[in-house]
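Let me begin by presenting the structure, written as structure tokens, before commenting on it.
This chain uses plain numbering: 1 for the first residue, then up along the sequence.
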Amino acid sequence: MIRKLSSISLKQTGLALLLTGSLAAAPSMAPAAHAASEAIYISNSSYFTLNQAALSSSSLQFSVLLHNGESQSIDFNQYGVRVTDQAGHSYTAKLSEKKSASVLPGQDQSFRFYANLPAGETADQLKVDVFRWDFSKADFMNHLGDLPVSSVVQEGQIKVPEQIINLHALDSTLSNDASVAFQLGQSVRVTENGKWYMYTQVSAKNLGTSSVKLPSGLQVRLVDANGLKYTATVASGSDTTFLPNQSDTMTLKTLVSRQMPTSGLTLEYYYLNQSEDVSLGTLSLNASLQTAALGTKQAYAGQQEGEQVTVKANTSTYSIQADGVHVQTVVTLSNEGEAIASVPSFSASYQFGDAGTSVTSTDNSARSGYLAPKETASYYFNATLPTGVDPNAAQLVLWQTANTGSSSGSSSTASTSSGGAASGTATTGSGAGASASSASTSNSSGAAATSKMPVAVFLLKGASEAQSGFTTAVNYELGSKLIFNNNAVVNKNLDVSLMELHAHENDDLGYKTAVAKYKITNNGTSTLALPELQNELIDSKGNTYTGSRQSAAATQITPGSSYVVSYSYLLPNKTQTDDETFALNVYDDKSVSEGNVSIGTYRVALQKETESDTLALYPFSLKVNDSSISWLYNSGTYSYQLNLDLDITHEDQVIIDSNFSKIEFDMVDSLGRIVGTQTATLTGTGKLTSGKQKVVVTGLKNEQVDSGVVVNMYEVIETPNGTAKRLIKQFH
């Protein structure tokens, strides 16, 4: 279908359009131009089409395809393109690549362009005007027709702020097509050492045909809504060499005042022409400045190309205590792509108020360096905020440790080449002036320097006051597997079960001792480290009683075996109103900078001692078939003798060692005084065995002989806090 073409007045010419060879005027006799719905014909068999287009908030990138259906070559130098809008404005289109202008017979050749646009232009308002150079015309153009941008524009590009800058204008040694498209990523406002900074990620794509570094004259600054200007430096990526048609990321760091308004901010590229600033373009930061609410997933700003990683602050809880506001925030990193993604090193800081105050927090958990598809890693950040700080008004800044590259402290030297596409020689500048001076610390030996880069800011509005572990504990049955919500502490091939929890009251010392025995089983195929479980008992009032591990224990556990380790808890002596139900909280206090991270909380109760003749001392059971007490006199000395008939059974074949609990027999007179003690074991030399045996206490004085003697039988465990004793039987 033939379309009537209208003439468009010249606003900006496309005289910058240069390919290899010189600009040639169109011949005086040219074929008539025909326009179809998606093509502009320059003959019956040759035509132009718009191949693809990407529209940002401030630029348009597009490709024009020339199909040569003739029997001879067509010189693209005879033609030109520009961008026009509905209001009649036109914008210069510049080539973003360097290639031959000659299109051979029967061939298609695509030519890439870009044009800088004012804010507000939309795809349906824009067209690509195709013309033939004609110096007989007032505007030197014979307009052939328009190609609508809306027919090929890529989805999702319209709202991305972008600015294209021709670097040749700043450094004449660079090739004519040395252009870079700067596209805004995320911006965050954070505090460091009492000062406010704006970090802005910028993706820079080399539109030229030669590798290039940003020239030293290129400067960047923030301009606020009041016109105040803040000089930016490059925190990472200052030494980047941009490969042809490839993108890389730079992070800008700008010191700003705490009163600076966060709306109406722009990022301005400029250079100095003698004493004057020459603006090269601006990017609005309105859509770039980001914070995330609790529970809101966002793309992880530090991910590598091709990764699909998200980050989210799942929950934030706090408790008001005497030393301040204790807060914990759980951050998750999720791989939502189909390929393995790398796991970064994160730290965090809590910032609050306008004075630039912040408190740092770290999570040092050992974790894999990679995330499998659909896998998630959790980070726990604990801190104590000053008394009076509202945690709902605070923000959590997530920082990533970044490698800023090698730095030797010396400046680089500019090297140049012809920039030809065939030469393959990299064209470099000397850096990016103020914008390329690294904000991170480097050493003089050339070693890679590192610095922290903020990758997310989470608003903690909605943080909840932490509930007592007693309230949140799940019901638990002794002997069943403890299900942990974090495998960073306990290897996934290890099963942990609580087998016993008994208490013994000791009125003389003013406290009672609870003793717990844990069974740990290695279900894997290799020897594993025996975990040091950090745990505590929490009562209904929220009081916590820390568990103390037995004084010595094995460090490793072999495949297919089980090991028993004991913990003791010092509890206040029971009152009539006390409940003997607790929450067992297993936690990690090694991976976080302060406080701890619960990996599971379970409702448990102290086991009641019975009058049964069968005694449970996991993994043993002792049945007392008969017992009696007698005393003997021999050569002036007295002895008490406990006669026992026992059946001892090793109920569960688990590994026990010399540090396992022992049996203690205390002879107590009618006044409650211990007149003698004897110890025995259930393993090793001199152990108690099934059958009849005697426990003798010798060396008693005459006045210690008492007809009211009883024998208390205890299970005894050595702990860092002393000897823990559990009364298991009393003999009269």
Within the structure provided, determine whether Val489 and Tyr587 are in side-chain contact (heavy-atom separation under 4.5 Å). no
With a 6.0 Å cut-off (strictly less than), is the heavy-atom count around CG of Asp323, excluding the residue itself, greater than 12? yes
Can you check side chain to side chain contact (heavy atoms under 4.5 Å, CB included) on Val188 and Val397, steps first, answer last? CA-CA 9 Å; Val188 293; Val397 181; 5.9 Å; no
Where is the tightest heavy-atom contact between Met250 and Phe242, given as atom of each residue plus distance? SD-CZ, 3.8 Å
Is any side-chain heavy atom of Phe346 closer than 4.5 Å to a side-chain heavy atom of Asp363? no
Is the closest side-chain donor-acceptor distance between Gln395 and Thr291 under 3.5 Å? no
Both conditions, 6.0 Å and 45 degrees, for the charged tip of Arg367 above the ring of Tyr379: are they met here? yes
The test is side chain to side chain donor-acceptor pair (under 3.5 Å); show your working for Thr266 and Glu268 and say whether it passes. CA-CA 6 Å; Thr266 57; Glu268 182 180 23; over 6 Å; no
Side chains of Ile483 and Val474: does their closest heavy-atom pair fall under 4.5 Å? no
Contact summary for Ser342 and Gln304, nearest pair of heavy atoms: OG-NE2, 3.4 Å
Minimum side-chain heavy-atom gap Ser591-Tyr380 below 4.5 Å: no
Report the distance from atom CD1 of Ile538 to atom CG of Asn585, rounding to the nearest 0.5 Å. 4.5 Å
Using atom types as modelled and distance alone, determine if a side-chain donor or acceptor of Asp589 lies under 3.5 Å from a backbone N or O of Asn596. no
Identify the residue among Thr513, Asn535, Thr546 that makes a side-chain hydrogen bond (donor to acceptor under 3.5 Å, both in side chains) with Tyr569. Asn535
For side chain to side chain contact (heavy atoms under 4.5 Å, CB included), just list the numbers for Thr527 and Ile557, CA-CA rounded to whole Å, side-chain angles, deciding distance to a tenth of an Å, and then say yes or no. CA-CA 6 Å; Thr527 300; Ile557 180 169; over 6 Å; no
Working for side chain to side chain contact (heavy atoms under 4.5 Å, CB included), residues Lys205 and Gln183: CA-CA 8 Å; Lys205 181 177 182 179; Gln183 192 173 94; over 6 Å; no
Look only at the side chain of Thr332 and the backbone of Ala377, and say whether a donor-acceptor pair between them is shorter than 3.5 Å. no
For the pair Tyr350 (side chain) and Phe381 (backbone), establish whether a donor and an acceptor sit closer than 3.5 Å, ignoring hydrogens and angles. yes
Any side-chain to backbone donor/acceptor pair from Ser288 onto Ser187? Under 3.5 Å, distance only. yes
So, Tyr370 and Asn335: side-chain donor and acceptor under 3.5 Å apart, yes or no? no
Let me confirm one number: the CZ-OG1 distance from Arg258 to Thr191, rounded to the nearest 0.5 Å. 12.5 Å
Nearest-0.5 Å distance, CZ of residue Arg549 to CG of residue Leu533: 7.5 Å
What residue among Trp399, Tyr199, Tyr197 forms side-chain hydrogen bond (donor to acceptor under 3.5 Å, both in side chains) with Glu192? Tyr199
Exercise: do Ser334 and Thr376 side chains pair donor with acceptor under 3.5 Å: yes
Short side-chain to backbone donor-acceptor contact, Asn226 and Leu228, under 3.5 Å: no
State whether the side chain of Thr233 and the backbone N or O of Lys253 hold a donor-acceptor pair below 3.5 Å, judged by distance alone. yes
Would Gln298 and Thr296 count as a side chain to side chain contact (heavy atoms under 4.5 Å, CB included) here? Give the steps. CA-CA 7 Å; Gln298 66 176 29; Thr296 302; 5.6 Å; no
Is there side-chain contact between Phe182 and Leu214, with heavy atoms separated by less than 4.5 Å? yes
Residues Ser361 and Asn382: side-chain donor-acceptor under 3.5 angstrom: no
Please give me the minimum heavy-atom distance between Asn286 and Gly264, naming the atom from each residue. OD1-N, 3.1 Å
CG on Leu385 to OG1 on Thr357, rounded to 0.5 Å: 11.0 Å
Do the non-hydrogen side-chain atoms of Tyr545 and Glu536 ever get within less than 4.5 Å of each other? no
Which heavy atom of Gly324 sits nearest a heavy atom of Thr387, and at what distance? CA-OG1, 3.5 Å
Is Gln351 close to Trp196 at the side-chain level, that is, under 4.5 Å between some pair of heavy atoms? yes
Using the ring of each side chain (for Trp, its six-membered ring), is Tyr567 parallel, tilted or perpendicular to Tyr518, with breaks at 30° and 60°? perpendicular
Rounding to 0.5 Å, atoms CE (Met453) and CD (Gln201) come to a distance of 9.5 Å
Would you compute the distance between atom CD of Gln186 and atom OG1 of Thr249 and round it to the nearest 0.5 angstrom? 12.0 Å
Atom CD of Gln259 with >12 non-hydrogen neighbours under 6.0 angstrom: yes
Glu336 and Gln308 side chains, donor-acceptor separation under 3.5 Å: no
Axial cation check for Phe470 ring with Arg603, 6.0 Å and 45° limits: yes
Do the charged groups of Lys481 and Asp495 touch, with an N to O distance under 4.0 Å? yes
Taking side chain as C-beta onward, heavy atoms only, is Tyr602 less than 4.5 Å from Val586? yes
Just by modelled atom types, is the Thr384 backbone N or O under 3.5 Å from a matching donor or acceptor in the Glu594 side chain? yes
Quick check: closest heavy atoms across Val597 and Val592, and the distance to 0.1 Å? CG2-CG1, 3.4 Å
Taking all non-hydrogen atoms of both residues, which atom of Val309 and which atom of Ala341 are closest, and how far apart? CG2-CB, 3.7 Å
